[in-house]
Amino acid sequence: MKLIQLRYYCGVVEHGGFIAASRELNVVQPALSRQISDLEKQLGSTLLLRGPGGTEMTDSGQKFYIHAKAILEKIEIAQADMQTNSELLEGDISIALPVGMASQLASAIVQDVTLHHPRISIQIEDGLGYQAGQAVDSAKVDFAILANVGNLKNVTFEPVLEESLFLFSKRDEPSPNTRDIDLIDLQNIDLIMPNRKVHVRRNLENAMLAKGGSVTVRYEQQSLLTIRSMVRAGIGATVLNWPSMSDLWYSGEVDGRKISNPSLSRTVCLAIPNTRPLSKSAKAVYDIVRQTLLNEVNKGNWKSGQVVENPQSSAPLEPQ
């Protein structure tokens with residue numbers, strides 16, 4: 001088995017197919033296909049399914065990708081250690097986080113990393129919460145911020161804060177409505193929500209079911225940008241965490257009312273792939289991200305956020 005085969009395989013997976021990978025890796029497609037075929041023969045297993053709808057990993061391909069990515073990461077770490085001063089951290093670090101947190105956290109994270117470690121490059125992958133979970137579970141990123149760990153099995157996580165969920169609606173009065181709203185009172189409100197893959201939707205519906213009620217999701221939208229624009233227009237309301245809508249609250253465009261009786265809350269965690277321990281550079285970024293989360297709570301920018309006291313922190317570090 002050759003390293004080039006691992007690089008080519010990971011390239012096909014990460015770029016979504018042979019054509020895109022051929023272009024990004026600067027290798028002709030027949031040579032790329034031949035290396036993957038040879039790899040499959042050596043392993044005695046089919047890794048990729050090629051069809052008119054595109055290229056997909058098999059179950060074996062998913063397992064092998066995790067191992068291949070971990071091997072390539074270890075090689076990059078070893079090369080970086082040999083080429084740089086051990087006191088000067090550098091490298092490309094990737095973080096996944098829910099899009100609802102990205103607007104509030106991303107700039108602060110990038111600025112702090114650039115200030116303290118100018119030779120570290122940060123790539124932030126923002127998407128829906130379950131997408132961030134998939135990215136860290138499959139070891140495609142160094143670590144992630146997750147608002148719900150759920151059933152992820154291949155990660156080590158550290159609880160950092162508890163956040164409440166809010167009902168956001170168009171502001172009709174000059175002064176904001178800051179009164180809590182009982183969960184049961186959401187029954188008669190037209191809601192704009194993502195589908196049930198998203199934890200906040202399931203959390204809301206399960207809590208309402210336990211109260212003997214039901215919610216009315218009038219509009220199902222996956223895009224946070226679309227949800228925000230529809231709420232601003234007064235088409236409906238939504239239930240989200242504070243960072244997702246905080247800028248619209250500060251600008252006076254929406255009201256944000258904490259849901260109570262019972263309150264809806266969830267734990268925000270930092271999650272690390274078990275197969276991809278943190279390098280020194282990744283650990284430095286991890287510490288900055290954790291401090292950024294704490295700062296947002298302590299400064300009052302994360303309304304109703306509460307720091308988890310004495311969490312069982314466990315951030316595995318790659319042996320150096």
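Positions are given from 1, in the same order as the sequence printed here. Side chains included, hydrogens not; waters and symmetry mates left out as well; all remaining heavy atoms used. Quick caveat, the model's predicted, so the values are computed rather than measured.
Counting only heavy atoms from C-beta outward, the side chains of Ile124 and Leu97 approach each other to under 4.5 Å. For the pair Pro176 and Trp249, the minimum side-chain heavy-atom distance is below 4.5 Å. Side-chain contact check for Arg196 versus Glu205: some heavy-atom pair is nearer than 4.5 Å. Side-chain contact between Asn154 and Thr275: absent, with no pair of heavy atoms (C-beta onward) separated by less than 4.5 Å. Looking only at side-chain heavy atoms (C-beta outward), Leu183 and Pro262 come within less than 4.5 Å of each other. Within the 4.5 Å cutoff, no side-chain heavy atoms of Ser244 are placed close to those of Phe168. Taking 4.5 Å as the limit, some side-chain heavy atom of Met57 sits within range of a side-chain heavy atom of Leu48. Looking at heavy atoms from C-beta onward, Gln5 lies in side-chain contact with Gln42 at the 4.5 angstrom threshold.
With values rounded to the nearest 0.5 angstrom, Leu6 atom CG is found 5.0 Å from Phe64 atom CZ. Taking CG of Leu161 as the reference point, atom CG of Leu270 lies at 9.0 Å (rounded to 0.5 Å). Ile145 contributes atom CD1, which lies 5.5 Å from atom CG of Leu105 (distance to the nearest 0.5 angstrom). To the nearest 0.5 Å, atoms CD1 (Ile122) and CD1 (Ile109) are separated by 8.0 Å. Between Ser229 atom OG and Ile192 atom CD1 the span is 8.0 Å, to the nearest 0.5 Å. The line from NE2 of His15 to CZ of Arg23 is 9.0 Å long, rounded to the nearest 0.5 Å.
Using a cutoff of 4.0 Å between basic side-chain nitrogens and carboxylate oxygens, Asp247 and Arg228 are scored as salt-bridged. Using a 4.0 Å cut-off between a side-chain N of Lys or Arg and a carboxylate O of Asp or Glu, Arg171 and Asp255 qualify as a salt bridge. Between Arg50 and Glu40 there is a salt bridge, since at least one side-chain N of the basic residue sits less than 4.0 Å from a carboxylate O of the acidic one. A salt bridge between Glu158 and Arg290 is present, with a side-chain N of the basic residue lying under 4.0 Å from a carboxylate O of the acidic one. A salt bridge does not link Asp59 to Lys63: none of the charged nitrogens lies less than 4.0 Å from a carboxylate oxygen. Salt bridge Arg266/Glu163: present, at least one basic N to carboxylate O contact under 4.0 Å.
Between the side chain of Arg257 and the backbone N or O of Arg179, at least one donor-acceptor pair lies under 3.5 Å. The backbone N or O of Leu248 sits less than 3.5 Å from a side-chain atom of Ser251, completing a donor-acceptor pair. Gln104 places a side-chain N or O within 3.5 Å of a backbone atom of Asn301 that can act as its donor or acceptor partner. Listed for the Asn274 side chain is a donor-acceptor partner under 3.5 Å among the backbone atoms of Thr156. When atom types are taken as modelled, the side chain of Asp190 and the backbone of Gly236 share no donor-acceptor pair closer than 3.5 angstrom. Of the possible donor and acceptor atoms, one in the side chain of Arg201 sits under 3.5 Å from a partner among the backbone N and O of Pro194. A donor-acceptor contact shorter than 3.5 Å is absent between the side chain of Ser169 and the backbone of Ala237. Formation of a donor-acceptor pair under 3.5 Å by the Asn195 side chain with backbone atoms of Lys197 is found in this model. Of the possible polar contacts, one joining the Asp142 side chain to the Ser94 backbone as a donor-acceptor pair under 3.5 Å is found.
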Apply side-chain contact (heavy atoms from CB on, under 4.5 Å) to residues Arg202 and His199 and explain how you reach the verdict.
CA-CA 5 Å; Arg202 300 196 307 273; His199 175 257; 4.0 Å; yes
### Verdict with reasoning, Arg34 to Tyr8, per side-chain contact (heavy atoms from CB on, under 4.5 Å)
CA-CA 10 Å; Arg34 185 172 60 254; Tyr8 283 179; over 6 Å; no
Practice task
Apply side-chain contact (heavy atoms from CB on, under 4.5 Å) to Leu294 and Val160, showing your working.
Solution key: CA-CA 8 Å; Leu294 298 179; Val160 179; 3.8 Å; yes
- request: Carefully, step by step, assess Lys69 and Val13 under the rule side-chain contact (heavy atoms from CB on, under 4.5 Å).
  value: CA-CA 11 Å; Lys69 191 67 176 177; Val13 172; over 6 Å; no
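No single ILVMFWY cluster, assembled from side-chain heavy atoms under 4.5 Å apart, contains both Leu264 and Leu209. One hydrophobic cluster holds both Tyr9 and Ile4 under the rule that ILVMFWY side chains link at heavy-atom gaps under 4.5 Å. Cluster membership for Leu43 and Leu49, using ILVMFWY side-chain heavy atoms within less than 4.5 angstrom, is not shared. There is a path of hydrophobic side-chain contacts, each under 4.5 Å, that joins Val239 to Tyr219. Residues Leu47 and Ile19 do not share a hydrophobic cluster, clusters being chains of Ile/Leu/Val/Met/Phe/Trp/Tyr side chains in contact below 4.5 Å.
For CD1 of Ile235, the number of neighbouring non-hydrogen atoms (other residues, nucleotides, ligands) closer than 6.0 Å is greater than 12. Residue-environment remark: CD (Gln306) stays at or below the threshold of 12 foreign heavy atoms within 6.0 Å. Shown here is Gln29, whose CD atom has more than 12 heavy atoms of other residues, nucleotides or ligands within 6.0 Å.
Residues Pro159 and Cys269 approach most closely at CA-SG, 3.8 Å, considering heavy atoms. When all heavy atoms are compared, the tightest approach of Leu32 to Phe18 is CD2-O, 3.6 Å. Heavy-atom minimum distance, Arg7 versus Leu72: CG-CD2, 3.7 Å. Residue Tyr65 comes nearest to Lys140 through the heavy atom pair OH-CG, 3.4 Å, listed as atom of the first residue, atom of the second, then distance. Ala139 and Arg276 get closest at one heavy-atom pair: O-NH1, 2.9 Å. Of all heavy-atom pairs between Ser138 and Ile66, the closest is O-CG1, 3.8 Å.
Using a 3.5 Å distance cut-off with no hydrogens or angles, the side chains of Gln291 and Asn295 do pair a donor with an acceptor.
Ring geometry for Phe143 versus Tyr286: interplanar angle over 60°, hence perpendicular rather than tilted (30 to 60°).
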